[in-house]
Amino acid sequence: DGRPSATEISSYWAIFWTTANGTATGIDADNENSLMSYLDGGGNLMLASMDYLSSRLETSPFITDYLHIDSWVNNNGGFVVSGVGGNVVSDGMSLPIIGGPFPVTNSDAVVVSSPAEVAFTTPPGDKGLTIEDGYKAAFLSFPFECVKTADPDPNNQNALIQRVLDWFLVPSGVEDAEVNRLALKQNYPNPFNPVTSLAFTVPESAGRVTLTVHNVNGQVVRTL
């Protein structure tokens, strides 16, 4: 349906963007500008692309200032990506990606700088990162589509996405004085049975707050 504009993506609390097996030239400067604007507004982004970096002839502000990637090595390979101990997303994970729908030899190795943290690594090089810098972003330089769906937890696609979403739902570590606006995030999971999580922020001066949950008929289900 065409490229998403900055206005279109601004209405989403989180974005998952994958380029599959393309050259990733579909992510152009306009898309990068839209994503930078989205992250400046406190958005949450997971970008998975084994060809995004290797399709670039040079760096860009999105790569260096938002993903905090200093450099990369094209088509670095690696058949199993291992989670880095202590990482908020990848701790304890081991994801075999060989045998998937795409050639994993096209995965790029990244060299990151603070505040980015290496999330996934292979013997040839690092293949994923997480960032919390007024926004939250995860970048995978290996094909998400090659991560198995049926392997035991946590080494599968569902567990990976669940961890990313759980991290996105945790409020960022900001000072109380910085919380100056009312915000209610989308509950997750939705639909749910029997439990869902509600994340919200309130201005420092708001005092006591009541959160009322209604059903589709407008009836009060619970007052928190």
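All residue numbers in this chain count up from 1 along the given sequence. Both backbone and side-chain heavy atoms feed into the values below; hydrogens, waters and symmetry mates do not.
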### Message
Thr223 vs Val220, test: side chain to side chain contact (heavy atoms under 4.5 Å, CB included). Steps then yes/no.
### Response
CA-CA 7 Å; Thr223 299; Val220 175; 3.8 Å; yes

Taking the side chain as every heavy atom from C-beta outward, state whether Val112 and Val118 have any atom pair closer than 4.5 Å.
yes

To the nearest 0.5 Å, atom CZ of Phe16 lies from atom CG of Leu165 at 9.5 Å

Check whether any side-chain heavy atom of Asp133 sits under 4.5 Å from a side-chain heavy atom of Leu39, and report yes or no.
no

OG1 (Thr210) and CG (Leu224) are apart, to the nearest 0.5 Å, by 9.0 Å

What one should report as the nearest heavy-atom pair of Gly100 and Cys146 is CA-SG, 3.9 Å

Backbone N/O of Trp167 and side chain of Lys136: donor-acceptor pair under 3.5 Å
yes

Between the CD1 atom in Ile69 and the CZ atom in Phe62, the distance rounded to the nearest 0.5 Å is 8.5 Å

Shortest non-hydrogen pair, Val110 vs Gly128, comes out as CG2-N, 4.4 Å

Practice item. State, with a plain yes or no, whether a side-chain heavy atom of Asn106 is found less than 4.5 Å away from one of Ser54. Key: no

Nearest heavy-atom contact between Val164 and Met46 is CG2-SD, 3.8 Å

Note to self: Check whether Trp72 reaches the backbone of Leu53 with its side chain - one donor and one acceptor, N or O, closer than 3.5 Å.
What the structure shows: yes

* Met50 and Leu140, any side-chain heavy atoms less than 4.5 Å apart -> no

Output for pair (Leu95 CG, Thr122 OG1), nearest 0.5 Å, gives 12.0 Å

Rounded to the nearest 0.5 Å, the CZ atom of Phe200 sits from the CG atom of Leu211 at a distance of 5.5 Å

By salt bridge (Lys or Arg N to Asp or Glu O under 4.0 Å), Glu8 pairs with (sequence neighbours left out) none

Those residues at least two apart in sequence (or on a different chain) that pass side-chain hydrogen bond (donor to acceptor under 3.5 Å, both in side chains) with Thr196 are Asn187

By side-chain contact (heavy atoms from CB on, under 4.5 Å), Ala159 pairs with (sequence neighbours left out) Met93, Asp153, Pro154, Asn156

Do Val73 and Asp108 have side-chain heavy atoms sitting under 4.5 Å apart?
no

Answer with yes or no whether the side chains of Gln162 and Asp166 bring together a donor and an acceptor at under 3.5 Å. yes

Next item on the list: Step by step, work out the side chain to side chain contact (heavy atoms under 4.5 Å, CB included) result for Glu117 and Val89.
Entry: CA-CA 11 Å; Glu117 298 180 359; Val89 169; over 6 Å; no

Same cluster (ILVMFWY, side-chain, under 4.5 Å), Leu129 and Val80:
no

Measure from the side-chain N and O atoms of Gln157 to the backbone N and O of Phe144, and report whether any donor-acceptor pair falls under 3.5 Å. yes

*Side-chain donor or acceptor of Ser141 paired with backbone N/O of Lys127 under 3.5 Å*: yes

Where do Leu35 and Leu45 land on the side chain to side chain contact (heavy atoms under 4.5 Å, CB included) test, with the steps shown first? CA-CA 8 Å; Leu35 289 173; Leu45 171 68; 4.2 Å; yes

Residues pairing under side-chain hydrogen bond (donor to acceptor under 3.5 Å, both in side chains) where one sits in residues 79-97, two or more places apart or in two chains, turn out to be Asn87-Ser90, Asn87-Thr130

In short, side-chain hydrogen bond (donor to acceptor under 3.5 Å, both in side chains) pairs touching residues 33-42 with sequence neighbours left out are Asp40-Tyr66

Should Ser107 and Asn76 count as side-chain neighbours, where that means a heavy-atom distance under 4.5 Å?
no

side-chain contact (heavy atoms from CB on, under 4.5 Å) filter on Ile98, not counting sequence neighbours, yields Phe79

Any donor and acceptor pair, going by atom type alone, linking the side chain of Asn44 with main-chain N or O of Trp13 inside 3.5 Å? yes

Requested in this report: Answer whether the closest heavy-atom distance between the side chains of Ile97 and Val147 falls below 4.5 Å.
Outcome: yes

Heavy-atom check, side chain of Tyr52 versus side chain of Leu67, under 4.5 Å
yes

Value for NE2 (His68) from CZ (Phe139), rounded to nearest 0.5 Å, stands at 13.5 Å

Nearest heavy-atom contact between Gly92 and Asn155 is O-OD1, 4.0 Å

Does any N or O in the side chain of Asp28 come within less than 3.5 Å of the main-chain N or O of Asn31, such that one atom is a donor and the other an acceptor? yes

